[in-house]
Amino acid sequence: MYIPYGRHDVNEADIQSVIDVLRSDFLTQGPAVPTFENAVANYCGARHGIAVNSATSALHIACLSLGVGHGDVVWTSPITFVASANCALYCGAQVDFVDVDSRTYNMSVARLAEKLAQARTSGKLPKVVIPVHLCGQPCEMAAIYALSQQYGFRIIEDASHAIGGRYKGEPIGNCRYSDITVFSFHPVKIVTTAEGGMALTNDPELANHMARLRSHGITRDTAEMTHAPDGPWYYQQIELGFNYRMPDLQAALGSSQMRRLDEFVTKRLAIARRYDELLSDLPVLIPWQHADSYSSLHLYVIRLDLSAIIHREVFERLRMNGIGVNLHYIPVYRQPYYARMGFSPSDFPEAERYYAEAISLPIYPGLTEEQQLEVVRWLINPIGHQTIF
Ligand SMILES: *Cc1c(COP(=O)(O)O)cnc(C)c1O
């Protein structure tokens with residue numbers, strides 16, 4: 001039986017919440033979306049939540065609301081999904097990467113500080129920095145925020161992996177150290193709406209702007225209009241927006257899943273602890289957690305200190321035996337579309353080492369103890385039934 005690296009957990013209450021919407025007056029643009037936005041914003045301690053059809057859309061409108069455009073530069077981590085970088089290109093800006101920390105695999109604060117000092121000299125400071133909370137472990141946001149004050153950039157947290165986690169004891173998503181935080185609700189993530197995402201902020205103007213960009217750039221607020229309404233039917237498009245809306249069907253699923261969020265994270269934590277024990281005698285590096293971090297454990301990434309050939313063989317053998325291991329992520333600058341922009345892998349030695357060694361093991365609330373043992377069995381004894389360790 002195939003064991004994927006991640007899987008949604010949808011129960012009867014979740015299903016019933018969607019059926020209730022199907023029987024209601026609104027399949028989209030009804031009451032379920034604001035209810036879901038409030039549920040997430042309240043959980044996180046943020047003032048505003050803007051639900052959209054994906055985290056990719058949330059990142060796009062987050063960049064636009066912060067004024068990212070032609071001539072700007074946005075920095076992110078190279079160890080992330082391509083969407084964290086693509087959002088800047090959608091706005092006509094350029095992208096650059098900050099190498100990762102050797103222990104957390106998150107954007108390195110030391111590399112960020114160095115790169116900022118150089119960028120100030122060359123006059124190419126970033127407009128926005130997008131730290132990514134890889135695997136659910138928060139970046140060192142207090143330090144990144146301090147640098148933003150010093151150098152004058154804005155911050156979008158890509159917390160696609162991290163809902164339900166905490167930083168310095170407070171919920172990720174409260175935007176204490178950022179302008180905007182983005183979550184993803186793709187089925188492999190912590191809670192799901194099938195496709196879906198949300199942008200959180202404490203700034204009412206950013207919230208208003210993102211809500212407008214989500215729906216074509218249209219306003220019904222007379223104060224924003226160029227003249228008084230022509231009549232009761234009236235609305236104005238005052239900028240170019242998109243249809244990035246989340247339907248009520250999906251928002252209802254999201255609200256139901258939010259009630260289970262803490263239980264999901266607790267289960268992930270128990271699975272991670274068990275992996276920690278099962279792997280303790282093997283020459284694999286298990287995930288290191290910063291003292292400020294309570295990770296939602298979206299991913300459980302181990303590193304094999306082995307040759308590249310063996311890394312690949314271990315990977316292939318696990319896959320061949322029905323273990324859906326994965327590699328999160330191929331460094332974004334290695335993607336052909338980005339490589340053409342002239343990035344050099346040698347500028348990112350930690351990201352390169354990570355890419356040569358990392359494997360994401362299966363972790364999701366429904367993963368059984370037997371399945372976990374199966375994963376570890378194939379990991380220990382992967383090549384021709386001869387142990388490699
Ligand atoms: C999943 C993911 C995204 C994109 O999320 P979608 O909801 O699929 O658009 C962006 N950034 C990171 C780090 C992700 O893991």
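These numbers were taken from a predicted model, which means no experiment stands behind them. Order of appearance sets the numbers: ligands from 1, and atoms from 1 within every ligand.
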Do any side-chain atoms of residues 275-283 form donor-acceptor pairs under 3.5 angstrom with protein atoms, and if so which ones, sequence neighbours left out?
residue	atom	partner	partner atom	Å
Tyr275	OH	Pro362	O	2.7
Asp276	OD1	Tyr300	OH	2.6
Ser280	OG	Glu277	O	2.9

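Gln371 meets the side chain to side chain donor-acceptor pair (under 3.5 Å) test with Thr368; sequence neighbours excluded.
With ligand atoms numbered from 1 in the order given, ligand 1 contributes 7 (O) to contacts under 4.0 Å with heavy atoms of Gly196. Here is the list of ligand 1 atoms found below 4.0 Å of a heavy atom in Tyr329: 15 (O). Set against the non-hydrogen atoms of Ser160, the atoms of ligand 1 under 4.0 Å away are 2 (C), 3 (C), 10 (C), 11 (N), 12 (C), 13 (C), 14 (C), 15 (O). With ligand atoms numbered from 1 in the order given, ligand 1 contributes 4 (C), 5 (O), 6 (P), 7 (O), 9 (O) to contacts under 4.0 Å with heavy atoms of Ala55. Counting atoms of ligand 1 from 1 in the listed order, those under 4.0 Å from a heavy atom of Val132 are 13 (C). Each of the following atoms of ligand 1 lies closer than 4.0 Å to a heavy atom of Ser184: 1 (C), 5 (O), 6 (P), 7 (O). Contact atoms of ligand 1 toward Thr80: 13 (C) (distance under 4.0 Å to a heavy atom of the residue).
Between Phe97 and Phe348, the ring-plane angle classifies as perpendicular under the 30° and 60° cut-offs.
If you check the side chains of Tyr43 and Asp262, you find a donor sitting under 3.5 Å from an acceptor. For the residue pair Gln257 and Asp14, a side-chain donor N or O sits within less than 3.5 Å of a side-chain acceptor on the partner. Under the 3.5 Å distance criterion, with hydrogens and angles disregarded, a donor-acceptor pair is assigned to the side chains of Ser54 and Ser57.
Contact annotation: for Thr56 versus ligand 1, heavy atoms closer than 4.0 Å belong to both the backbone and the side chain. Using a 4.0 Å cut-off between heavy atoms, Val188 makes no contact with ligand 1 at all.
Given atom 11 (N) of ligand 1, the protein heavy atom at minimum distance is Asp158 OD2, 2.7 Å.
Nearest residue to atom 2 (C) of ligand 1 from Lys189, His161, His133 is Lys189 (criterion: closest heavy atom).
In summary, Lys267 and Glu263 engage in a salt bridge, as defined by a charged side-chain N under 4.0 Å from a carboxylate O.
A heavy-atom separation below 4.0 Å is found between Ser84 and ligand 1. Ligand 1 lies out of reach of Ser57, whose nearest heavy atom is not under 4.0 Å from it.
A single hydrophobic cluster is seen to contain both Phe185 and Leu200, as judged by linkage of ILVMFWY side chains at heavy-atom distances under 4.5 Å, directly or through other members.
In summary, the aromatic rings of Phe242 and Tyr244 are positioned with their centroids under 6.0 Å apart.
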